[in-house]
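These figures come from a predicted structure and were not determined experimentally. Counting from 1, the numbers follow the sequence of the chain as shown.
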Amino acid sequence: MRAGIEATLSQNVRTCGLRRSRYRGLARTHVQHVLTALACSITRVADWIAEPTTTRRRSTRFHALCTATA
């Protein structure tokens with residue numbers, strides 16, 4: 001669970017520059033963080049939609065053995 005949020009924070013820091021705030025004041029900084037999170041979510045949804053979902057998993061050795069003997 002922690003790895004998921006760490007990846008999200010890392011993505012926001014790398015792509016959107018969240019280490020430093022563009023504005024002064026808590027309210028404006030909060031708006032910047034909310035808009036950055038929204039942009040990150042939109043980017044992830046767009047990537048999810050664009051990805052083809054036809055990837056197949058490799059079969060395990062046990063499954064390959066079972067299908068070879070059957």
Could you check whether atom NE2 of His33 has more than 12 heavy atoms from other residues, nucleotides or ligands sitting under 6.0 Å from it?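 Enclosed: over 12 neighbouring heavy atoms sit under 6.0 Å from NE2 of His33.
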Whether over 12 other heavy atoms sit under 6.0 Å from Leu38 CG: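 Counting neighbours around CG of Leu38, more than 12 heavy atoms of other residues, nucleotides or ligands fall under 6.0 Å, so yes.
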Is a side-chain donor or acceptor of Gln32 paired with a backbone partner of Arg22 at a separation under 3.5 angstrom?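 The answer is yes, because a donor-acceptor pair under 3.5 Å joins these two groups.
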Between the main-chain N or O of Glu6 and the side-chain N or O of Ser10, is there a donor-acceptor pair closer than 3.5 Å?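 Not confirmed, Ser10 side chain does not pair with Glu6 backbone.
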Out of curiosity, [X] [atom1] to [Y] [atom2], how far, rounded to the nearest 0.5 Å?
X     : Y     : atom1 : atom2 : value
Leu18 : Cys40 : CG    : SG    : 9.0 Å
Arg14 : Arg19 : CZ    : CZ    : 10.5 Å
Thr36 : Asn12 : OG1   : CG    : 6.5 Å
Ile42 : Leu35 : CD1   : CG    : 9.5 Å
Thr29 : Arg24 : OG1   : CZ    : 10.5 Å

Going by atom types only, do Thr8 and Arg44 share a side-chain donor-acceptor pair under 3.5 Å?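 Short answer, yes.
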